[in-house]
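Note sheet for the following structure.
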Amino acid sequence: MNKIAVIITFIAALFSISPAHSVTTSNKGLDIATESYQRYAGFGDSQANMEMILISKQGDRVSRKLIMKTLEHDNLKSDKTLLSFVLPRDIRGTALLTWSYTEQDDKQWLFLPKVKRVKAISSSNKAGSFIGSEFSYEDMTPQKVEKFTYSFLREETCGQLSCYVFARFPKDKNSGYTKEVVWVDSKEYRIQKIHYFDRKKTHSKTLEVSGYKQYNDKFWRADTMNMSNHITGRATILSWSQYLFNQGLSDQNFTTNSLKRVR
Amino acid sequence: MKRKAIALISTILLAINPLAAVEILAQAGIENRYFNQSTDDYDSNNAPSLFFEMSVYEQWNDGEDLFAFTPFFRWDKEDSERTHFDIKELSWIHIGENWELRSGFRIETWGVTEAINLVDIINQRDTIDQIDGDEKLGQPMLNLSWVSDWGTFDIYGLTGFREKRFPGAQGRPRLPLLVNTEQAEFESDAGDQRLDFAFRWQHMWDKWQIALSQFSGTAREPVLLLATDSLDLDNFVASGQLQADEDPRLVPFYPVIDQTGLEALYLTGNWNYKLELIRQSGVGKSFYALDAGVEYNHYGIWGSNIDIGWIFEYLYDSRDNAQSSVYQDDLYFASRIALNNQASGEALFSLTYDPASEEKIIGLESSWRHGEHIKIQVDGFIIDAGKPISAEAFINAGLSDKPLSRPTALYARQNFIQAAIIYHF
């Protein structure tokens, strides 16, 4: 990226002008990310079951089961996510509520059923491991376009498809990453692969996404997400099932009161 | 109480649509407490116990009505007072558009700080079951909760009182004198039947979370009085000694109090600031108590999955009499470690330190999962406060209404470590 491009991007950000209007090399990366997010979003509300398989370096596996509910909000400027734990049984009823925003810090609450306590937690846990998995908190929810800057890299084949490859750079200083390289297929703009670069700028993790199916003739969702950690040798597989859209969820299902009675 | 509760169960069960979704969970545990300092007062240095808890959940009307039933039973080999049955939850929740009505036996937890939760007053704490205060007795109530743009408002009608339970002669940790709960006295003419009220408003904006609460009713923490029929007081005042055949007892006295509580939480990056402040009136002069501090969290240390949190809090209590809290001017340091491994290993180490008297309370709470069903917990409790306080010194402090210089020494030489294996069905 040359110096002028940097200045233009900076000014654009300063005046909240959409950088799409400025002619920079980052432009195409942003366009692809925006298109990808727009095709992913617009579902109103969604729900899915998730099995999380933690694989140790030695190949030992343990499984956790969760239910994820999402509500889009305020013209996609914010959304609300409720993750509830089904297995293992000792944490049944534990639930995490996240209100995420494009223009301010996320809000998060954890309900601990054993002590019946709703605990507000700081969103600075972004880089922390999500319940012992190789996914961090920031990997668990789809990332808002506005939370990154972009740079387009290349086009190349990825399996049977052809992919756009772009880099995105987190704006949030609490992010555990300095750079993410994203592969998006040129046909449906679905994320196929992400290389994560940690704070030491090392390629530390790779996410591979597979088994895309289309729901409601519109929304593409993956069956399997495989995150491997190249530093520790561990991996986590997320296996998704029973996707449901537009079930009539509302704000009322995403309050700290509803958090206490999630089953 | 038990008879009333059973009648309520059958009424609620009858009202439930048999086609509704029922979920049953249960856990059974075996626990042993090991005390490393033996004294002649106790038969054994080990206190094994067994416990069982079941949870039945049911929802109907598209989840607009919920039923929960959580009975709990513990058997303790050494202390018959710790052996007990309780209904922690037997409730029906009805959900409206932005309100919910909760009725029955329930547990409510308020508070934001780590060391103690001063504001948390709805339920009686079952400190004889677990001394950390996390175990509570089910409180019968009617609670209306309303969520609005100006925060969440809760009003409570507390329709019955749960007395505090105290250890028996073989129970540890305990005070130098036994408490005779059968002679419990109440300030209210209604005794343990007084209808108590509570209110709480909670709101959050940006990085702040604030709550204000008001409680008016029978105190959960009793004042412990000396049962004068259990000793010859004149003789004791004259000689300062108990007679060989005297075994004085304490009786709980439950005053009616008003308590106002403030909670504040400010979340900013890795630093979280916390405050709990109460003002309570009803027993003698009104007083203030405070727990305020900061927590720093480090996520993924050295590129690993391990999270470490550091907590520092200051504890204050304005009372200067025999009722004064153990935490009258103390510092609390703690470290919380989450290994984020397959076994979800976690531990919390804490040190409460009184700079004036140099008393120390050291705590450990840790847990480890084995496979899908088994959880292993190891907890420890150590008090470093010098010589134990004799029954005579304890009575003298009460008679003079002066605070003890080292109140934690009441529990000196009762250090223990406990391990529990819990199977989740």
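We use all heavy atoms of the structure for the numbers below, so side chains are in, but hydrogens, waters and symmetry mates are not. Proteins come first, then strands; the chains are lettered A, B, ... in the order of their sequence lines, and each starts at number 1.
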Got a list of side-chain donor-acceptor pairs under 3.5 Å for residues 233-240 of chain A, not counting sequence neighbours?
unit_1: Arg234(A); atom_1: NE; unit_2: Glu134(A); atom_2: OE2; d: 2.9
unit_1: Thr236(A); atom_1: OG1; unit_2: Glu134(A); atom_2: N; d: 2.9

**Study point:** Pairwise distance CZ(Arg369(B)) to CD1(Ile91(A)) - rounded to 0.5 angstrom
**Key:** 5.0 Å
**Study point:** Asp307(B) to Gly128(A) - nearest heavy-atom pair and separation
**Key:** OD1-CA, 4.4 Å
Exercise for review: Sort Asp90(A) into side chain, backbone, both or neither according to what part of it lies under 4.5 angstrom from a heavy atom of chain B.
Suggested key: both
Check your understanding: Do you know the tightest heavy-atom contact between Asn305(B) and Gly132(A)?
Key -> ND2-O, 3.9 Å
**Study point:** Residues of residues 173-182 of chain A contacting chain B, heavy-atom criterion under 4.5 Å, by residue number
**Key:** Asn174(A)
Practice item. Evaluate whether atom NZ of Lys69(A) has more than 12 neighbouring non-hydrogen atoms of other residues, nucleotides or ligands under 6.0 angstrom away. Key: no
**Study point:** Region of Lys207(B) in contact with chain A, defined by heavy-atom distances below 4.5 Å
**Key:** side chain
Check your understanding: In terms of heavy-atom proximity below 4.5 Å to chain B, should Lys260(A) be classed as side chain, backbone, both, or neither?
Key -> side chain
Review point. Side chain, backbone, both or neither: which part of Asp154(B) has a heavy atom under 4.5 Å from chain A?
Key: neither
Check your understanding: Using a heavy-atom distance cut-off of less than 4.5 Å, which residues of residues 42-65 of chain A contact chain B?
Key -> Leu54(A), Ile55(A), Ser56(A), Asp60(A), Arg61(A), Val62(A), Ser63(A), Arg64(A)
Practice item. Please flag which part of His373(B) lies under 4.5 Å from any non-hydrogen atom of chain A: side chain, backbone, both or neither. Key: side chain
Check your understanding: Which bit of Gln342(B) is near chain A, if near means a heavy-atom gap under 4.5 Å: side chain, backbone, both or neither?
Key -> both
Review point. So which part of Asn270(B) gets closer than 4.5 Å to some heavy atom of chain A, the side chain, the backbone, both or neither?
Key: both
Study note, to complete from the structure: Honestly, the part of Ile107(B) sitting under 4.5 Å from a heavy atom of chain A is both
Review point. Is it true that atom CH2 of Trp205(B) has more than 12 heavy atoms of other residues, nucleotides or ligands lying nearer than 6.0 Å?
Key: yes
Check your understanding: Roughly how far, to the nearest 0.5 Å, is CH2 of Trp109(A) from CD of Gln209(B)?
Key -> 7.5 Å
Check your understanding: Tell me, side chain or backbone of Glu372(B) under 4.5 Å from chain A's heavy atoms, or both, or neither?
Key -> both
Exercise for review: Quick one: closest heavy-atom pair of Ser124(A) and Gly269(B), and the distance?
Suggested key: OG-O, 2.7 Å
Practice item. Kindly indicate whether the side chain of Arg92(A), heavy atoms from C-beta on, has any atom under 4.5 Å from the side chain of Tyr57(B). Key: no
Review point. What heavy-atom pair brings Asn117(B) and Arg117(A) nearest, and what distance separates the two atoms?
Key: OD1-NH1, 3.7 Å
**Study point:** Glu53(B) versus chain A, the contacting section by heavy-atom distance below 4.5 Å
**Key:** neither
Point to revise | Contact origin within Ile95(B) toward chain A - heavy atom pairs under 4.5 Å | key: side chain
Exercise for review: Determine yes or no for a side-chain-to-main-chain donor-acceptor pair under 3.5 angstrom, with Gln252(A) supplying the side chain and Gly96(B) the backbone.
Suggested key: yes
Point to revise | Partner set under side-chain hydrogen bond (donor to acceptor under 3.5 Å, both in side chains) for Asp106(A), not counting sequence neighbours | key: Lys147(A)
Practice item. Say whether, by atom type as modelled, one donor and one acceptor occur between the side chain of Ser122(A) and the main chain of Thr268(B) under 3.5 angstrom. Key: no
Point to revise | Contact class of Glu89(B) relative to chain A, heavy atoms under 4.5 angstrom | key: side chain
Practice item. Please state whether the side chain, the backbone, both or neither of Lys116(A) comes within less than 4.5 Å of a heavy atom of chain B. Key: both
Exercise for review: Let me know if Ser204(A) has heavy atoms under 4.5 Å from chain B in its side chain, its backbone, both or neither.
Suggested key: neither
**Study point:** Whether over 12 other heavy atoms sit under 6.0 Å from Leu101(B) CG
**Key:** yes
Review point. Can you tell which of Leu267(B), Leu25(B), Leu339(B), Asp120(B) has the highest number of heavy-atom pairs within less than 4.5 Å of chain A?
Key: Leu267(B)
